[in-house]
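The following block contains the structure, expressed as structure tokens.
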Amino acid sequence: MVNIPKTRNTYCRKCKKHTPHKVSQYKTGKASLSAQGKRRYDKKQAGFGGQTKPVFHKKAKTTKKIVLKFECSKCKAKRMKPIKRTKHFELGTDSKKGSKNEYGGKYR
């Protein structure tokens, strides 16, 4: 499990010094219908003839690489940084192990 704080003091290329950055997880944006590849694919698919391009089925990976998005709090410049592969990723939450009550249980 990877737990990363929501703010990080790191170097900003625009300010040319270390400033606090807001950390968030990168998410892929909505695919555009007017992109050249999508227009070409839709044109080829139209009409009779079924599926024209191969559909990928042999998925090998079980995880994706986590990409962090840093936003400078001073100049609002953004940059991305990929980190290792992980199944569980948390952003600025308390650890589960330390939060349990030491004395007594749920059914006491």
Side-chain angles (χ1 to χ4, degrees):
M1 174 155 4
V2 178
N3 190 2
I4 289 177
K6 286 185 179 176
T7 57
R8 183 188 285 190
N9 196 45
T10 187
Y11 183 76
C12 176
R13 293 176 185 157
K14 207 169 172 186
C15 299
K16 296 195 185 330
K17 60 182 181 181
H18 275 70
T19 54
H21 282 64
K22 197 165 76 176
V23 182
S24 57
Q25 190 177 359
Y26 168 77
K27 296 266 196 297
T28 312
K30 188 181 173 189
S32 172
L33 289 169
S34 59
Q36 179 60 62
K38 178 69 175 147
R39 291 193 313 245
R40 187 184 296 121
Y41 178 75
D42 290 341
K43 185 81 174 159
K44 195 171 183 181
Q45 285 289 94
F48 296 111
Q51 182 68 33
T52 58
K53 298 201 52 96
V55 178
F56 185 71
H57 292 297
K58 295 181 180 180
K59 190 168 183 262
K61 303 281 187 282
T62 58
T63 58
K64 287 185 182 258
K65 286 183 179 178
I66 305 296
V67 179
L68 300 178
K69 187 167 82 174
F70 294 107
E71 185 183 346
C72 179
S73 57
K74 300 275 191 290
C75 67
K76 304 289 184 235
K78 296 168 191 73
R79 67 189 182 94
M80 312 288 186
K81 185 177 183 185
I83 58 171
K84 292 180 180 178
R85 292 177 178 276
T86 178
K87 287 192 177 183
H88 301 290
F89 175 76
E90 288 179 1
L91 205 57
T93 54
D94 297 328
S95 63
K96 287 183 180 177
K97 290 176 185 170
S99 64
K100 284 197 174 177
N101 190 3
E102 194 176 331
Y103 302 107
K106 186 177 174 184
Y107 306 106
R108 191 162 181 213

**Prompt:** If you take all heavy atoms of Thr62 and Lys87, which pair is closest and at what distance?
**Reply:**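 Between these two residues, the closest heavy atoms are OG1-CE, 3.8 Å.
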**Item:** With sequence neighbours excluded, residues passing side-chain contact (heavy atoms from CB on, under 4.5 Å) with Val67
**Value:**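 Here the qualifying residues are Tyr26, Met80, Pro82.
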**Closest approach of Arg79 to Tyr11 (non-hydrogen atoms, all atoms of both residues)** =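 Result for this residue pair: NH2-O, 3.4 Å.
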**Message:** Would you say that Leu68 contacts Arg8 through its side chain, given a criterion of any heavy-atom pair below 4.5 Å between the two side chains?
**Reply:**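 Of all side-chain heavy-atom pairs linking Arg8 with Leu68, at least one is under 4.5 Å.
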**Prompt:** How long is the span from the NZ atom in Lys69 to the NZ atom in Lys78, to the nearest 0.5 Å?
**Reply:**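 The NZ atom of Lys69 sits 6.5 Å away from the NZ atom of Lys78.
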**Request:** Please tell me if the side chains of Ile4 and Ile83 come closer than 4.5 Å, counting only heavy atoms from C-beta onward.
**Result:**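 When only atoms from C-beta onward are counted, Ile83 and Ile4 do touch, with a gap below 4.5 Å.
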**Item:** Rounded distance [0.5 Å steps], OG1 in Thr63 versus NE2 in His88
**Value:**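 Those atoms lie 11.0 Å apart.
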**Item:** From His21 atom NE2 to Cys15 atom SG, the distance as rounded to the nearest 0.5 Å
**Value:**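 These two atoms lie 7.0 Å from each other.
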**Asked** Mind checking whether Cys72 and Thr19 have side chains closer than 4.5 Å, heavy atoms only?
**Response**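 SC-SC contact between Cys72 and Thr19 confirmed.
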**Item:** Within residues 27-36 or reaching into it, pairs that qualify as side chain to side chain donor-acceptor pair (under 3.5 Å) - sequence neighbours excluded
**Value:**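 Applying side chain to side chain donor-acceptor pair (under 3.5 Å) to every pair that reaches into residues 27-36, excluding sequence neighbours, yields Ser32-Ser34, Gln36-Arg39.
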**Request:** Verify the neighbour count for atom CZ of Phe48: are there more than 12 heavy atoms of other residues, nucleotides or ligands below 6.0 Å?
**Result:**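 No, the 6.0 Å shell around CZ holds no more than 12 heavy atoms from other groups.
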**Request:** Provide the closest heavy-atom pair for Lys6 versus Gly92 in the form atom of the first, atom of the second, distance.
**Result:**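 For Lys6 and Gly92, the tightest heavy-atom pair comes out as CG-CA, 4.0 Å.
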**Item:** For Thr52, all residues meeting side-chain contact (heavy atoms from CB on, under 4.5 Å), sequence neighbours excluded
**Value:**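 Thr52 satisfies side-chain contact (heavy atoms from CB on, under 4.5 Å) with Lys44, Gln45 once adjacent residues are dropped.
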**Message:** Check whether Ser73 reaches the backbone of Pro20 with its side chain - one donor and one acceptor, N or O, closer than 3.5 Å.
**Reply:**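 Answer holds: yes.
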